[in-house]
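Step one of this worksheet: look at the structure below.
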Amino acid sequence: MGVVSSCCESCFRSRKSTYEPLLLENEREAVADLLQYLENRTTTDFFRDSPLAALTTLSFSDNVDLQRSAALAFAEITEKEVRPVGRDTLDPILFLLSSHDTEVQRAASAALGNLAVNTENKLLIVKLGGLEPLIRQMLSPNVEVQCNAVGCVTNLATHDDNKTKIAKSGALVPLTRLARSKDMRVQRNATGALLNMTHSDENRQQLVNAGAIPVLVSLLNSPDTDVQYYCTTALSNIAVDAHNRKKLAQTEPKLVSSLVQLMDSPSLKVQCQAALALRNLASDEKYQLEIVKADGLTSLLRLLQSTYLPLILSAAACVRNVSIHPQNESPIIESGFLQPLINLLSFKENEEVQCHAISTLRNLAASSEKNKQAIVKAGAVESIKDLVLEVPMNVQSEMTACIAVLALSDELKGQLLEMGICEVLIPLTNSPSSEVQGNSAAALGNLSSKDGRTTSDDYSAFNDVWDKPDGGMHRYLYRFLTSSDATFQHIAVWTIVQLLESGDPQLISNIRNSNLLIPNIRVLAETRTSTPTSSIGGTPHSHHSMSRSYQDTETGDGQGEIQMLARRILDFTDSEGVMTPSALASQIQAGSFSQRDESVSGRDHEELRKSVREAFAGGPGH
């Protein structure tokens, strides 16, 4: 807020002799009273009774000198004390705000801006019509008046109930124009106000319509750190909306390079917001590729290895979105991200950091055998195995999904089994989270399947965990066979087919002689009753799979294939033959399991923004 010098009392005394003969009686009394109150200002309450009455009399006077003195007094008083006030205090200030005198305007807007720091006052100022005179003052040729008026609007715009009213008041166009002011104070206040208006879909669209985007982008190169921060954060919020990202892509070709440069800003908060803005832009494929092309990975890797939580969190979130594009997988790995990402899996201080790190690893593994092997070689699986039973449930879901993707590799299956990964996956098939259950089961199913089996394939790892831990594969398969969820039933019978096709005598014996599995497989072989399918978790992916999903079978819910698989199992277990891969097995599709992460959503953005804000609140100065 603009600072008005502490000169009220001296102003009164110097002007008193000049205009005293012209004063009305009540004005003369008000001047005398106010001089007395100012002499005892430390014990005087100017917001009530006689002191407020004296200020009100001077405010509504036709004498501009009295108005100036009243405005200056209000500015000084509110500079030192802000509290909730009523209409009796705001009415005289709002009246002064409509004055044609520049000095009165300047002091009155300063006073109103000071009062607008208080939450209750923000609402009352707008309710009493304060926006209209403030907009007029934003159009003033006087820089001081502009600065105070815009600063007041900035404060008013921090309250959610005011944002829409400000957007509809006609304030956005002058705010956008003043953001280009040559006066840094005006520019700072205007960009701060624009930022405050970016927290709802409707207001963001109004800002875009007011022409704010090119102004905000151009000011990314401002020499002022606060202006950089306000503009970067505003653009980050604007980029949440898909239609705004499209507009940015069409009209702002230098946006990504400017944000990449700001990740090297001396200001931590600017670095952080630049990464968050890139993260939101990277919801679109075009930006995912452009960030890598602009050498954004170099700065992101540096932020990811920071010791400061907000930087780690924003960089991890950005890399996660960038990694969604298949063409970015190898560049990210080649830039040296694997070890820092694996290190962040054990970042127990923040669950979101862990989720972003493991989701990125899953994305990097999605489409390349070479990348899968690099991830395993870097130690990701050992880290997951050590951590997965202890981390929060959301992280467990991402970790088990990552293992399920890695387990698609025929070349890695044996290595993963040797690492003992089944020992942690089996307990998680009984997780309170159906998503963790499904992902864990999908991983086990993928580990059990293989394209082109040979007699040298070693399935002893499944025998080792048949009865333990937590009841082992045996109990897990029983729970899924008897589940009310058709997805889980499908996973169980599909996995049993894979285990029988292995030809391992011990596994075949375990299944054939199970009093838990065989009776329930008979039930599934005989029933055609529809059961619900789950939209979460995962069905194992088969290298034999065709493109159609089990949801596309004749029953519409996978029950037809479940029945056929169950009958196939019984045909084998009731005989003494050997099960070999068949046409039936080749029709199994891992319908609901997703190999690749999803991009950012608006809700995710709000949650991340809150997390970063909280992280900053607990960190060093910025």
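Residues: numbered from 1 along the sequence shown.
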Any side-chain to backbone donor/acceptor pair from Tyr459 onto Ser448? Under 3.5 Å, distance only. yes

Indicate whether the side chain of Gln288 and that of Asn328 have a donor and an acceptor atom separated by less than 3.5 Å. no

Do Asn280 and Ser236 meet the criterion of a side-chain donor-acceptor pair at a distance under 3.5 Å? yes

Heavy atoms of other groups near Glu285 CD, more than 12 under 6.0 Å: no

Using a cut-off of 6.0 Å, state whether more than 12 heavy atoms not belonging to Glu390 lie near its atom CD. no

For Ser449 and Gln498, test the side chains for any donor-to-acceptor distance below 3.5 angstrom and give the result as yes or no. no

Taking side chain as C-beta onward, heavy atoms only, is Pro214 less than 4.5 Å from Thr251? no

Side chain Ser359, main chain His356, donor-acceptor under 3.5 Å: no

Who passes side chain to side chain contact (heavy atoms under 4.5 Å, CB included) against Gln261, sequence neighbours left out? none

What distance do Leu278 atom CG and Leu300 atom CG have between them, rounded to the nearest 0.5 Å? 7.0 Å

Output for pair (Met399 CE, Leu387 CG), nearest 0.5 Å, gives 5.0 Å

To the closest 0.5 Å, what do you measure between OG1 (Thr154) and CG (Leu195)? 9.5 Å

As an exercise, state the distance from CD of Glu398 to CG of Asn439, rounded to the nearest 0.5 Å. 8.0 Å

Regarding Asp201 and Gln205, is there a side-chain donor-to-acceptor distance under 3.5 Å anywhere? no

Does any N or O in the side chain of Arg320 come within less than 3.5 Å of the main-chain N or O of Thr360, such that one atom is a donor and the other an acceptor? no

Only counting residues at least two apart or in another chain, list the ones meeting salt bridge (Lys or Arg N to Asp or Glu O under 4.0 Å) with Asp386. none

Set of residues satisfying side chain to side chain contact (heavy atoms under 4.5 Å, CB included) with respect to Ser368, sequence neighbours excluded: Glu329, Lys370, Asn371

Heavy-atom distance under 4.5 Å between the side chains of Thr164 and Lys168, does that happen here? yes

For Asp458 against Leu417, the heavy-atom pair lying closest together: O-CD1, 4.4 Å

